[in-house]
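When a residue number appears, it is its place in the shown sequence, counting from 1. Note that ligands are numbered from 1 as they come in the structure, with each ligand's atoms numbered from 1 the same way. Computed from a predicted structure; not experimentally measured.
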Amino acid sequence: MSNQDVVLPDMGIAAAAAALPGPVRALFACRGAAGAVSSLRRGAYGGLGLPGAADGGAGGEPLLGARAAPAPAPVPGRTCTSRVVENIRASSPTRCPAVDECDAWTRKHPSALGSFDEVAAAATGKRIVMFMDYDGTLSPIVTDPDMAFMTAEMREAVRGVAKHFPTAIVTGRCVEKVCSFVGLSELYYAGSHGVDIKGPSSKDDQMVLLQPAREFLPVIDKAFRALEERTRATPGARVEHNKFCLSVHFRCVAEKSWSPLAEQVKAVLRDFPKLKLTEGRKVLEIRPAIMWDKGRAVEFLLKSLGFDDRSDVLPVYIGDDRTDEDAFKVLKKRGQGLGILVSKCPKETDASYSLQDPTEVMEFLVRLVEWKRLRSPSPAARPRAVQPQK
Ligand SMILES: O=P(O)(O)OC[C@H]1O[C@H](O[C@H]2O[C@H](CO)[C@@H](O)[C@H](O)[C@H]2O)[C@H](O)[C@@H](O)[C@@H]1O
């Protein structure tokens, strides 16, 4: 990894941290950030894996283009494209299975609201660090990706959370776009599926902490143009540029055209062996074929915040999509933290809890803040600083 991959302001880490807004400044342990960065250089995160290395993530499962991972065993009689299309369909189910099946799933992944006391018990005596996906988690899924606004109430809930806990948005969107939707500069943002990590800043722009895929920018631009050209004839198809990754949207495409569209995307990707393809909710994501995903971004941020190797930290990750599974897996593997899947229907997941939709996510956030507030001593009850004797 070259120095250029890690972009910190010229002013240096200590000064950069000093520029952070008050409550987060103390938490942004400079030595932690530097440690995280140098660990990356040393490959302590397992390295980034150049195209050609394995990528075992769930959302990051390379389907194409990455000479990387061993291909999953093909299902006889099914082409790779039909598997892609099935995954797209399964990620946004239109009907839930029978009640019994739903009940069994909910027993396995209980509601984080219904089990709030359990969540609170797990958080007692621990420092919560909040990670949240954007689309389908903080904002409802809508047909036009440019109109996926979050409500003012949700913004207040997130603002409240960030007052009490270090908070990051981890998303497939580019940071600039998601920042414009969220509108809170006090948060951390990990955009483009975690390859563009920015911290809070007192200035207008968020401060760049890590961009491990900068060298992919030209190839992403080229793939964007090729995909636009190739998919133009498919009514409803849309290619979204998320800076370090691209999304090909299927939501407004007639289902009979899904397979041909997936074929077109795959055909374009054949010319871009440094890129890989993953699936989301009625979307195909084209991403740099490096070993980096939302889970890695969570690990990086925990380390940057000085929270790595600490048993008194509770990372909480809330997400709704396949790419969020990489983060759920990381928490599961650490044996530390709570993964919460946002879904109305049963889905295979490594999350331990569930919430039905963004409205429930908001209720959960409000409840968490209220719980924290009640546990924090009031200013009057806080011990006073010892005053020097006159
Ligand atoms: O990681 P996320 O924050 O969940 O981002 C994943 C993708 O989200 C967006 O697409 C999804 O939401 C759209 C708006 O509700 C919806 O129209 C689309 O069908 C969904 O897949 C976003 O537009 C993509 O670029 C993100 O990669």
**Report entry** Arg251: numbered ligand 1 atoms lying under 4.0 Å from its heavy atoms
**Finding:** 16 (C), 17 (O), 18 (C), 19 (O)

Report summary line: So the atoms of ligand 1 within less than 4.0 Å of a heavy atom of His249 turn out to be 10 (O), 18 (C), 22 (C), 23 (O), 24 (C)

Query raised in the report: Which atoms of ligand 1 sit under 4.0 Å from any heavy atom of Tyr134?
Result: 3 (O)

Requested in this report: For residues Ile128 and Leu368, determine if any side-chain heavy atom of one lies less than 4.5 Å from a side-chain heavy atom of the other.
Outcome: yes

Requested in this report: Out of Arg322, Lys294, Arg173, Arg281, indicate the one that has the non-hydrogen atom closest to atom 1 (O) of ligand 1.
Outcome: Lys294

Query raised in the report: CG of Leu210 to CG of Asp196: how many Å apart, nearest 0.5 Å?
Result: 9.0 Å

Query raised in the report: Which ligand 1 atoms does Gly172 reach within 4.0 Å, using its non-hydrogen atoms?
Result: 1 (O), 2 (P), 3 (O), 5 (O), 27 (O)

Query raised in the report: Judged by non-hydrogen atoms, does Met147 sit under 4.0 Å from ligand 1?
Result: no

Query raised in the report: According to the interplanar angle, ranging from 0 to 90°, do the rings of His241 and Phe224 count as parallel (below 30°), tilted (30 to 60°) or perpendicular (above 60°)?
Result: tilted

Report summary line: One finds that the ligand 1 atoms under 4.0 Å from a non-hydrogen atom of Ser247 are 24 (C), 25 (O), 26 (C), 27 (O)

Query raised in the report: What residue and atom, counting heavy atoms only, is the protein's closest point to atom 2 (P) of ligand 1, and at what distance?
Result: Asp133 OD1, 2.8 Å

Requested in this report: Going by heavy-atom distance to atom 22 (C) of ligand 1, choose the closest among Glu279, Glu240, Arg238.
Outcome: Glu240

Query - Contact atoms of ligand 1, heavy-atom distance to Thr143 under 4.0 Å - result: 17 (O)

Query - Basic-acidic side-chain contact under 4.0 Å: Glu325, Lys347 - result: no

Report task. Could you tell me if any non-hydrogen atom of Pro140 lies under 4.0 Å from any atom of ligand 1? Result -> yes

Query raised in the report: Which one of Asp320, Val142, Leu138 has a non-hydrogen atom at the shortest distance from atom 15 (O) of ligand 1?
Result: Val142

Report summary line: Nearest heavy atom to atom 3 (O) of ligand 1, choosing from Thr171, Val283, Asn242, belongs to Thr171

Report task. Among all protein heavy atoms, pick out the one at the shortest distance from atom 8 (O) of ligand 1; state its residue, atom name and that distance to 0.1 Å. Result -> Asp135 OD2, 3.0 Å

Query raised in the report: Relative to the ring of Tyr317, is the ring of Phe131 parallel (under 30°), tilted (30 to 60°) or perpendicular (over 60°)?
Result: parallel

Requested in this report: Starting from atom 27 (O) of ligand 1, find the nearest protein heavy-atom neighbour and note its residue, name and distance.
Outcome: Glu285 OE1, 3.0 Å

